[in-house]
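Worksheet for the structure shown next.
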Amino acid sequence: MAKLPFSFYLNTDVNSLARQLIGKMLFTQIDGEITAGIIVETEAYAGIEDKASHAYGGRLTDRTKTMYLKGGVSYVYLCYGIHNLFNVVTGPLNTPHAVLIRGVEPVIGTEIMLQRRGMALLKPNLTAGPGALSKALGIDRTFNAKDLTGEEIWIEDGWDVDTESIVAAPRVGVGYAADHALLPWRYYIKGNRFVSKPNS
DNA sequence: GAGTAGATCGGCT
DNA sequence: GCCGATCTACTCG
């Protein structure tokens, strides 16, 4: 097992990258406690031309400026005032492409994840859904703009998922994006229990 | 099990 | 002021 190299994140094709991230292992280390899970669901957000993206039309604010960074850092932002959503920034500098991680399957530190979520039993909803997985892995806004090859959060190779097990479907919760809402830019492992609810 | 409301921050119209 | 890349708790059947 080795961390994915910096060059992995510089791919300019977000959709290709979103698909490649399926089956990878996402790690966090907080106060010496390591938790990790296999990525089973992602969504691609393609820069300034994607109406569902925060960077649509070149929008640049304190929050979204992270997306304009060089690939290989995290973009964590607050949604609905409550949930921290974790994205992987990809592509070269000033190309605001990002991949939203929507679901992981717990592998390492399951006890710690349960504790963070205040749950007693391991159920799929521990880490199914972007808000849920962030909380389980201990990701909050202090992880924004972190180097994904560092010591606090990183990604390694995980499962070998064959192409036929990866399904492409429309993205979730972006109905407002009009003609871009139906693009099949959501990817997930067919039949996996930790894929978020709507659809699957 | 399905449907609805509440939580609560950043960025628009 | 309203709505969003959401989740949970609470109601009613």
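Side chains are part of it too, since the values below use all heavy atoms of this structure and drop only hydrogens, waters and symmetry mates.
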Just compare [options] and give me whichever is closest to any side-chain atom of [X].
X         : options                 : value
Thr61(A)  : dC7(C), dG11(B), dT6(C) : dG11(B)
Arg59(A)  : dA7(B), dT6(C), dC12(B) : dC12(B)
Arg141(A) : dA7(B), dC9(B), dT6(C)  : dC9(B)
Leu78(A)  : dT6(C), dC12(B), dC9(B) : dC9(B)

**Prompt:** Across all strands, who's sitting opposite dT8(B) as a Watson-Crick or G-U wobble pair, both distances under 3.5 Å?
**Reply:** none
Atom [atom1] of [X] and atom [atom2] of [N]: how far apart are they, to the nearest Å?
X         : N       : atom1 : atom2 : result
Tyr77(A)  : dT8(B)  : OH    : C1'   : 14 Å
Leu133(A) : dC7(C)  : CG    : P     : 9 Å
Leu60(A)  : dG10(B) : CG    : P     : 17 Å
Asp62(A)  : dG10(B) : CG    : P     : 10 Å
Asp140(A) : dG10(B) : CG    : P     : 14 Å
Tyr80(A)  : dT6(C)  : OH    : P     : 5 Å
Tyr75(A)  : dG10(B) : OH    : P     : 12 Å
Lys51(A)  : dC3(C)  : NZ    : P     : 20 Å

**Asked** Would Phe27(A) and Gln29(A) count as a side-chain contact (heavy atoms from CB on, under 4.5 Å) if you check the C-alpha gap in whole Å, the side-chain angles of each, and the deciding distance to 0.1 Å?
**Response** CA-CA 7 Å; Phe27(A) 286 80; Gln29(A) 178 172 207; over 6 Å; no
**Test log, rule side-chain contact (heavy atoms from CB on, under 4.5 Å), inputs Tyr45(A) and Arg171(A)** = CA-CA 10 Å; Tyr45(A) 285 85; Arg171(A) 292 176 290 183; 3.5 Å; yes
**Message:** Could you walk me through whether Asp50(A) and Tyr56(A) satisfy the side-chain contact (heavy atoms from CB on, under 4.5 Å) test, starting with their C-alpha distance in whole Å, then the side-chain angles of each, then the deciding distance to 0.1 Å, before giving a yes or no?
**Reply:** CA-CA 6 Å; Asp50(A) 182 353; Tyr56(A) 174 62; 5.6 Å; no
**Message:** For Lys70(A), I'd like to know if atom NZ has over 12 heavy atoms of other residues, nucleotides or ligands within 6.0 Å.
**Reply:**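 Count not over threshold, so no.
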**Asked** Is Arg63(A) near enough to dC9(B) that one of its side-chain N or O atoms lies under 4.0 angstrom from OP1 or OP2?
**Response**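 No, no such contact exists.
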**Asked** Among side-chain atoms of His54(A) and Tyr75(A), is any donor-acceptor pair under 3.5 angstrom?
**Response**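 His54(A) vs Tyr75(A): donor-acceptor pair found between side chains.
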